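We're numbering straight along the sequence, starting at 1. Whatever order the structure lists ligands and atoms in, that order sets their numbers, starting from 1. Bear in mind the structure is a predicted one, so any value in this text is a computation, not a measurement.
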Amino acid sequence: MNTQTEAFLTEKNLANNNADWAEVGKSHPHESAVLHVLGEARYTDDIPEVQGTLHAALGLSSKAHANILSMNFDAVKSARGVVAVYTAKDIPGTNDCGPIIHDDPILSEGLVEYVGQPIFIVVADTHDNARRAVRKAEITYEELPAILTPQEARQAQSFVLPPMRLQRGDAQAAFERSPRRVKGELYVGGQEQFYLEGQISYAIPKEDRGMLVLCSTQHPSEMQHVVAHALGVHSHNIVVECRRMGGGFGGKESQSALWAAAAAISAAQLKRPVKLRADRDDDMMVTGKRHCFYYDYEVGYDDEGRIIAARVEMVSRAGYSADLSAPVATRAVCHFDNTYYLGDVDIRAMCGKTNTQSNTAFRGFGGPQGAIAIEYIVDNIARDLNKDALEIRKINFYGRNDAEGRNITQYGQKVVDNVIHELVAELETSSEYQQRRADIKAFNISSPVLKKGLALTPVKFGIAFNVTHLNQAGALVHIYTDGSVLVNHGGCEMGQGVNTKVCQVVAHELGLNLDKVRATATDTSKVANTSATAASTGADLNGKAAQNAAHTLRQRLAEFAAKTYGGEQADIRFAAGLVSVNGLDIPFEALVQKAYLARVQLWSDGFYATPGLHWDPKTMSGNPFSYYAYGASVSEVIVDTLTGEWKLLRADALYDAGNSLNPAIDIGQVEGAFIQGMGWLTTEELWWNKGGKLMTHAPSTYKIPAISDCPEDFRVSLFKNRNVQDSIHRSKAVGEPPLLLPFSVFFAIRDAIASVADYRYNPPLNAPATSEAILSAINGVEAMAASSSQEK
Ligand code: MTE
Ligand code: HPA
Ligand code: MOS
C-alpha cells in the first residue's frame with residue numbers, strides 16, 4: 001500500500017462504511033493509457049468523416065496593422081477543388097469570438113491588427129487544396145503604425161483594458177523607513193502552448209438549424225455559445241463534443257472558438273460537414289500564447305533581507321484584443337507574493353494592446369508571471385547582502401498561523417494552510433542542499449570555464465477560478481442494469497487524467513472496482529453551462545459533482561436494499577463490488593437488477609459549487625482561492641561560460657497534492673509541468689520581426705524541451721499532506737502549480753553566471769535564459785566587475 005492510500009484510509013471513510021476500501025489514492029493508469037500507446041485513442045481528426053465532408057483553411061493578414069483596401073479572390077475561387085470563399089459579411093450572426101469582451105472578430109471587417117489575423121475562409125474538397133488556394137488571394141493594404149512590445153504599449157498608454165491597482169498599507173511610507181532598497185526592470189518572455197494536437201473543429205449540420213461541432217477544446221460550453229451567436233441561432237441548436245484533446249495547456253480555453261466558429265459558419269452556409277484543422281505554422285501564427293511581461297519594480301527591505309515594502313508595475317503583452325488578459329493579469333497580481341509576506345504594497349498591472357496574436361491562458365495563467373518577479377527580487381536581495389538566497393526566502397515566508405502573524409496576502413485572503421516551512425525543510429534535507437552548495441562553490445573556484453549553479457525555489461499557488469462564478473460543475477452518473485456505470489461530467493480530458501480521477505471517485509463511492517466505471521466524451525447536450533477545464537480545478541470541481549451524483553445513487557440503492565433485506569440503512573456497506581446488507585453480501589449488479597425491476601431511478605445528476613469564495617475586482621481584494629497548493633524544487637546546472645550552453649544535472653521537486661487522488665498521475669503532472677516551465681524560462685523564445693511577423697512559428701525555430709533536455713537525475717515526490725479544505729477526498733489540484741517549480745532552473749543558471757565575478761553582482765538576465773542571453777549576462781557581470789575595479 002502506498003503512503004497516499006494509507007493517508008486516505010486513516011481518514012476513516014465512515015460515510016461509505018468502507019474504511020478498508022479505496023479506489024481513490026491509488027496509482028491507477030490513465031483511463032486511455034493503453035489506447036494512447038496503441039495509437040487507438042481517437043482525437044478529433046481521427047473520427048471517421050461523414051460522407052461529403054469538406055475542408056477549410058483560413059486566409060491570414062500579412063500586415064501587423066492595416067486597413068484592407070481591396071480583396072480579390074478570383075484566383076482562389078478557380079483553384080483546384082475550391083467550393084466556397086467566405087468573408088465577414090457571410091457570417092449569419094455575430095462576428096465575434098471574444099470570451100469576455102466582444103472585441104475579437106472571427107474574420108476581419110476591414111481592419112487587421114496582427115500578422116496572422118484571419119480575413120477569409122476557403123472551403124475545398126481536401127485539406128491540401130484549401131491550404132493551397134488560400135495563398136492565391138490578392139489583398140492590398142494601407143499600413144498603419146504598429147505597437148509590438150509591452151514597453152511600447154506602456155509608452156503609448158495603449159491598453160486593452162483599464163489598468164489595475166492593488167494597494168495595501170502605505171507603500172510610500174514603508175519605503176521611507178526601509179534601510180535598503182532594490183530597484184530594477186525585468187522582462188520575461190511568452191510561451192507557445194505547443195499542444196501536440198493542433199486546433200481543430202469538425203462541424204456537421206443536423207436537421208432544423210442544428211449543428212454538431214466536434215472540437216478539440218477545454219471549453220465546450222463557450223464553443224457552443226460562440227457558434228450559436230455566429231450562426232444567429234439558440235444555444236439549444238448547437239451540440240459541442242470533445243472526447244479528448246492532445247493537450248490544451250490553456251491554449252484551447254478560449255482560442256478554440258475561432259476554429260469552431262469558422263467550421264460551423266462554413267458548414268451552415270454549405271449545409272455540408274466542414275473540418276478545419278490548423279497546420280502547425282498557421283496555429284502558431286494565429287493563436288495567442290502565454291503573455292510576456294515587463295516589470296518595473298522597487299522593494300524596500302531590512303538588513304536581514306526581510307521585505308518591508310514592494311512596488312511593481314507589470315505590463316503584459318495582451319495582443320490585439322482582450323481575450324483572457326484581465327483574469328491573467330489579476331492572477332499575476334495575486335501571485336506576486338508567491339510564498340512571501342510583502343508588507344505594504346502598491347501593485348499595478350496593465351494589459352498592453354499590441355499588434356500581435358491575442359495572448360491567452362497558458363498553464364499557470366499569470367501566476368508564474370507574477371511569482372517570478374518576486375523571486376528575481378529575492379535573488380537580488382540575497383546577492384546584495386552576500387547571503388544564500390534560501391536564507392532570504394525563508395525569513396520572508398508567510399507565517400504558519402495567527403500567532404506568528406504575517407499570514408494575510410496582499411489581496412486580503414488569510415493563508416490558513418501554510419506548509420511551505422516544513423516542505424522546504426524536507427526538500428533542503430532530501431536534496432542535500434547545503435552540502436551541494438559547498439561542493440559547487442569549491443568546484444567553481446577550480447573550474448575557469450564550466451561553472452555550476454544551484455537554487456531552491458518555493459511555490460504557493462491559489463486554487464479556484466479567480467472569477468468566482470466559474471467555480472461550479474455538474475455531472476451525470478448512469479448505472480445500467482448489468483451493474484456497469486457511465487459517467488459524464490463537465491471536465492475535458494487533455495491528458496491530465498481528469499476522467500481517471502472522476503471515475504475513481506465514482507467507483508469509490510459505489511464500492512466498485514475502477515473497471516466498472518467508464519467516462520464518456522464531454523458533451524454540451526449532457527451537462528449544461530459548464531466552466532472551462534482550467535485553473536487546475538477539473539478534478540476538484542467535477543470530482544465533487546460526480547461524487548454528489550454517485551452519492552445520490554448509493555443512497556437510493558441503500559434505501560432499497562434496507563427495504564428489501566432488512567437491517568439498518570446506515571450499516572449497509574458498498575465495497576469490492578458487493579453490497580453488504582443485514583448479514584448478506586449481494587453482488588452490486590444483482591442489487592441493481594432488483595432495484596430496476598422495483599422501478600428505482602438508476603441515474604442521477606450531481607452538482608458542486610466551491611464554497612467561501614468572493615472577490616471585489618475594484619479593490620482587488622477578497623477570498624479568491626479555495627486553498628493553496630505548495631511545492632519547492634532544487635536544480636543544479638552546469639554552464640559553459642564560453643558558449644552559453646548549459647545542462648540541468650539534477651532536479652529535485654516536492655509537491656503538495658494533498659491526499660493525492662492518483663499519485664502516479666500527479667507525479668506525471670509534476671514532471672511534465674516542470675519540463676514545460678523549464679522550456680518557458682530557458683529555450684522557448686518567441687521572436688517577431690520589425691514588421692510584426694512571428695518568425696518562430698514552427699519547431700524548426702521554436703525550441704521546446706526534448707527528452708535530452710530532461711535531467712538524468714530527476715527526483716519528484718509528493719509531500720505528505722491533507723487539504724484542510726473539504727476538497728474532493730482532501731486532495732489538491734496539480735495541473736498548473738508545478739509549472740512554477742523550474743524557477744529553480746532559471747535561478748541556478750543565474751547563480752552559475754554570478755560565480756564568474758565571485759557572486760558580487762546581480763547578473764542582468766531576462767527570461768528565457770537562452771544561450772545568447774546567458775552569454776550576454778556573463779558579459780554584463782564581467783563589465784560590472786571591470787568597471788568597479790577601475791573605480792578602485
Ligand atoms: N496535462 C496534460 N497532459 N495536458 C494538458 O493540456 N493542461 C494543464 C494541466 N495539465 C494540461 C495538463 C492546464 S493549463 C490545466 S488548467 C490543467 O491541466 C487542467 O486540468 P485539471 O484541472 O483537470 O488538472
Ligand atoms: N484560470 C483559468 N481560466 C480562468 C481563470 C483562471 O484562474 N479565471 C478565469 N478564467
Ligand atoms: Mo489552464 S491555463 O487554466 O487551461
Donor on one side chain, acceptor on other, [X] and [Y], under 3.5 Å:
{"X": "Ser221", "Y": "Thr524", "result": "no"}
{"X": "Ser660", "Y": "Ser731", "result": "no"}
{"X": "Tyr702", "Y": "Glu684", "result": "yes"}

- Message: Applying salt bridge (charged side-chain N to carboxylate O under 4.0 Å, His left out) to Arg42 and Glu493, what does each step give before you reach the verdict?
- Response: CA-CA 12 Å; Arg42 272 194 192 171; Glu493 180 60 49; over 6 Å; no
Closest protein heavy atom to [atom], given as residue, atom name and distance to 0.1 Å:
{"atom": "atom 22 (O) of ligand 1", "value": "Gly538 N, 2.6 Å"}
{"atom": "atom 3 (N) of ligand 2", "value": "Glu253 OE2, 2.7 Å"}
{"atom": "atom 23 (O) of ligand 1", "value": "Gln496 NE2, 3.0 Å"}
{"atom": "atom 8 (C) of ligand 1", "value": "Arg363 NE, 3.8 Å"}
{"atom": "atom 5 (C) of ligand 2", "value": "Phe365 CE2, 3.3 Å"}
{"atom": "atom 8 (N) of ligand 2", "value": "Asn466 OD1, 2.9 Å"}
{"atom": "atom 15 (C) of ligand 1", "value": "Glu736 CG, 4.0 Å"}

Show which atoms of ligand 3 fall inside a sub-4.0 Å distance from at least one heavy-atom site of [X].
{"X": "Phe362", "answer": "2 (S)"}
{"X": "Gln218", "answer": "4 (O)"}
{"X": "Gly250", "answer": "2 (S), 4 (O)"}
{"X": "Glu736", "answer": "1 (Mo), 2 (S), 3 (O)"}
{"X": "Arg363", "answer": "2 (S)"}
{"X": "Ala361", "answer": "2 (S)"}

Is [Y] paired with [X] through a side-chain N to carboxylate O contact shorter than 4.0 Å?
{"X": "Lys501", "Y": "Asp666", "result": "yes"}
{"X": "Lys460", "Y": "Asp337", "result": "yes"}
{"X": "Lys703", "Y": "Asp709", "result": "yes"}

At less than 4.0 angstrom from any non-hydrogen atom of [X], what atoms of ligand 1 do you find?
{"X": "Ala534", "result": "16 (S)"}
{"X": "Val498", "result": "23 (O)"}
{"X": "Ala539", "result": "23 (O)"}
{"X": "Gly495", "result": "2 (C), 3 (N)"}
{"X": "Gly248", "result": "5 (C), 6 (O)"}
{"X": "Thr537", "result": "22 (O)"}
{"X": "Ala535", "result": "16 (S)"}
{"X": "Gly247", "result": "6 (O)"}

- Fit a plane to each ring of His729 and His508, take the angle between them on a 0 to 90° scale, and name the class: parallel (under 30°), tilted (30 to 60°) or perpendicular (over 60°).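 Perpendicular, since the angle between the ring planes exceeds 60°.
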- Hey, what's the ring geometry for Phe625 with His335, parallel, tilted or perpendicular (30° and 60° as the breaks)?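 Aromatic pair Phe625/His335 classed perpendicular.
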- Item | Side chain, backbone, both or neither: the part of Leu470 lying under 4.0 Å from ligand 2 by heavy atom | side chain
- Could you list the atoms of ligand 2 found under 4.0 angstrom from a heavy atom of Val467?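 Those of ligand 2 that fall under 4.0 Å from Val467 are 9 (C).
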So, regarding [X] and ligand 1 (criterion: nitrogen or oxygen to nitrogen or oxygen, under 3.5 Å), is there a contact or not?
{"X": "Gly250", "result": "no"}
{"X": "Thr533", "result": "no"}
{"X": "Phe249", "result": "yes"}

- Query: Should we count NE2 of His28 as having more than 12 external heavy atoms under 6.0 Å?
  - Reply: yes
- Task: Could you tell me whether a side-chain N or O of Glu736 sits under 3.5 Å from a main-chain N or O of Gly364, the two making a donor and an acceptor?
- Result: yes
- Can the ring centres of Phe249 and Phe194 be said to be less than 6.0 Å apart?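 No, too far apart.
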- Task: For this output row, return yes or no: ring centroids of Tyr114 and Tyr320 closer than 6.0 angstrom.
- Result: yes
- Polar-atom distance check: Ala535 versus ligand 3, any N or O pair below 3.5 Å?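 Such a contact does occur with ligand 3.
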Only heavy atoms count here, so choose which of [options] is nearest to [atom].
{"atom": "atom 16 (S) of ligand 1", "options": "Ser536, Gly672, Gly735", "answer": "Ser536"}
{"atom": "atom 2 (C) of ligand 1", "options": "Gln218, Met494, Lys501", "answer": "Met494"}
{"atom": "atom 10 (N) of ligand 1", "options": "Gln193, Arg244, Gln669", "answer": "Gln669"}

- Task: Let me see the working for Lys544 and Asp726 under salt bridge (charged side-chain N to carboxylate O under 4.0 Å, His left out), right down to the final yes or no.
- Result: CA-CA 10 Å; Lys544 276 279 192 185; Asp726 179 25; 3.6 Å; yes
- Message: I need the minimum non-hydrogen distance between Ser325 and His291, along with the two atoms involved.
- Response: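 Shortest heavy-atom separation between Ser325 and His291 comes out as OG-NE2, 2.8 Å.
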- Taking every non-hydrogen atom, the tightest pair across Thr44 and Leu214: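 Scanning both residues completely, I find the closest heavy atoms to be CG2-O, 3.6 Å.
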- Query: Heavy atom under 4.0 Å from ligand 3: found in Glu253's side chain, backbone, both, or neither?
  - Reply: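 It is the side chain that gets close, since no backbone atom is under 4.0 Å.
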- ligand 3 versus Ala534: contacting region, heavy-atom distance under 4.0 Å: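 Ala534 to ligand 3: contacts from backbone and side chain alike.
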- Item | Identified side-chain hydrogen bond (donor to acceptor under 3.5 Å, both in side chains) counterpart of Asn488 within the set Thr520, Thr522, Asp523 |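 The side-chain hydrogen bond (donor to acceptor under 3.5 Å, both in side chains) with Asn488 is passed solely by Thr520 among Thr520, Thr522, Asp523.
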- Task: Please examine the side chains of Gln413 and Tyr628, heavy atoms only from C-beta on, and report whether any two atoms are closer than 4.5 Å.
- Result: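 In short, these two side chains touch, coming nearer than 4.5 Å.
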- Do the non-hydrogen side-chain atoms of Thr533 and Met245 ever get within less than 4.5 Å of each other? no
- With a 4.0 Å cut-off on heavy atoms, is Gly491 touching ligand 1? no
